[in-house]
Amino acid sequence: MNHSNNESFSEETNKTLSKIKHNRGLSHNIVLCTYHDNTSPGYEWLLTAWVAEERRMKSGRVYKYFYDPEGNLYKTKSEVKAAWEKDGLVLID
């Protein structure tokens, strides 16, 4: 499994990355694993210290996961936004 170089990430993003727990049982099907934060194209909507993970599988399918600053996993953008709203963040589309 390959990971993107996190040297260009902020200190906040690197702290989140250090908290992410990976399910090693799935790694044999993963071809490439990359991480993104709010400075990555397409992920500008993420809050500071939130991380997106893209897992490209042998089948060619890409799965996206999101992590909050505590390392908690969210499977969809909708789940992320719901968590923000629960914390009192007002979202305007």
Side-chain angles (χ1 to χ4, degrees):
M1 179 173 15
N2 294 318
H3 298 279
S4 63
N5 184 347
N6 63 0
E7 290 177 14
S8 62
F9 288 134
S10 70
E11 182 178 339
E12 293 90 353
T13 298
N14 283 325
K15 284 180 184 178
T16 303
L17 287 170
S18 71
K19 295 176 184 176
I20 296 172
K21 295 178 175 68
H22 298 281
N23 186 340
R24 298 295 179 201
L26 298 177
S27 64
H28 66 279
N29 289 321
I30 300 173
V31 175
L32 180 65
C33 182
T34 57
Y35 297 99
H36 306 273
D37 66 4
N38 60 358
T39 64
S40 302
Y43 293 100
E44 297 90 349
W45 60 272
L46 285 172
L47 294 177
T48 300
W50 280 69
V51 172
E53 175 186 38
E54 292 183 2
R55 296 180 187 175
R56 182 169 303 281
M57 310 307 279
K58 287 181 182 178
S59 66
R61 183 163 179 164
V62 176
Y63 291 91
K64 294 181 183 181
Y65 301 97
F66 305 94
Y67 299 91
D68 67 17
E70 298 304 314
N72 297 309
L73 172 71
Y74 300 84
K75 293 184 178 180
T76 66
K77 186 175 181 177
S78 295
E79 286 182 10
V80 170
K81 288 183 174 185
W84 292 346
E85 288 174 347
K86 184 179 177 184
D87 286 342
L89 183 67
V90 177
L91 300 176
I92 301 171
D93 282 329

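Side chains included, hydrogens not; waters and symmetry mates left out as well; all remaining heavy atoms used. In this chain, residues are counted from 1 in sequence order.
Going from atom CD1 of I20 over to atom OH of Y65 covers 12.5 Å, rounded to the nearest 0.5 Å. S40 contributes atom OG, which lies 8.5 Å from atom CG of L46 (distance to the nearest 0.5 angstrom). The distance from atom CD of E12 to atom CG of L47, rounded to the nearest 0.5 Å, is 12.0 Å.
In this structure, the side chains of T13 and Y35 stay at 4.5 Å or more apart for every pair of heavy atoms. Here the side chains of E53 and C33 are in contact, with some heavy-atom distance below 4.5 Å. No side-chain heavy atom of D37 sits under 4.5 Å from any side-chain heavy atom of W50.
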- request: Kindly indicate, with the supporting measurements, whether the criterion side chain to side chain contact (heavy atoms under 4.5 Å, CB included) is fulfilled by F66 and E79.
  value: CA-CA 9 Å; F66 305 94; E79 286 182 10; over 6 Å; no

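For E44, there are no salt bridge (Lys or Arg N to Asp or Glu O under 4.0 Å) partners two or more places apart in sequence or in a different chain.
One N or O on the side chain of T16 and one on the backbone of A49 form a donor-acceptor pair closer than 3.5 Å. Checking side-chain atoms of K15 against main-chain N and O of P69 turns up no donor-acceptor pair under 3.5 Å.
In this structure, V62 is not a member of the same hydrophobic cluster as L32, with clusters built from ILVMFWY side-chain heavy atoms closer than 4.5 Å.
Ring geometry, Y43 versus W45: the interplanar angle falls from 30° to 60°, so the pair is classed tilted.
For E54 against H36, the heavy-atom pair with the smallest separation is CD-NE2, 3.6 Å.
Heavy atoms of other residues, nucleotides or ligands lying less than 6.0 angstrom from NZ of K19 number more than 12.
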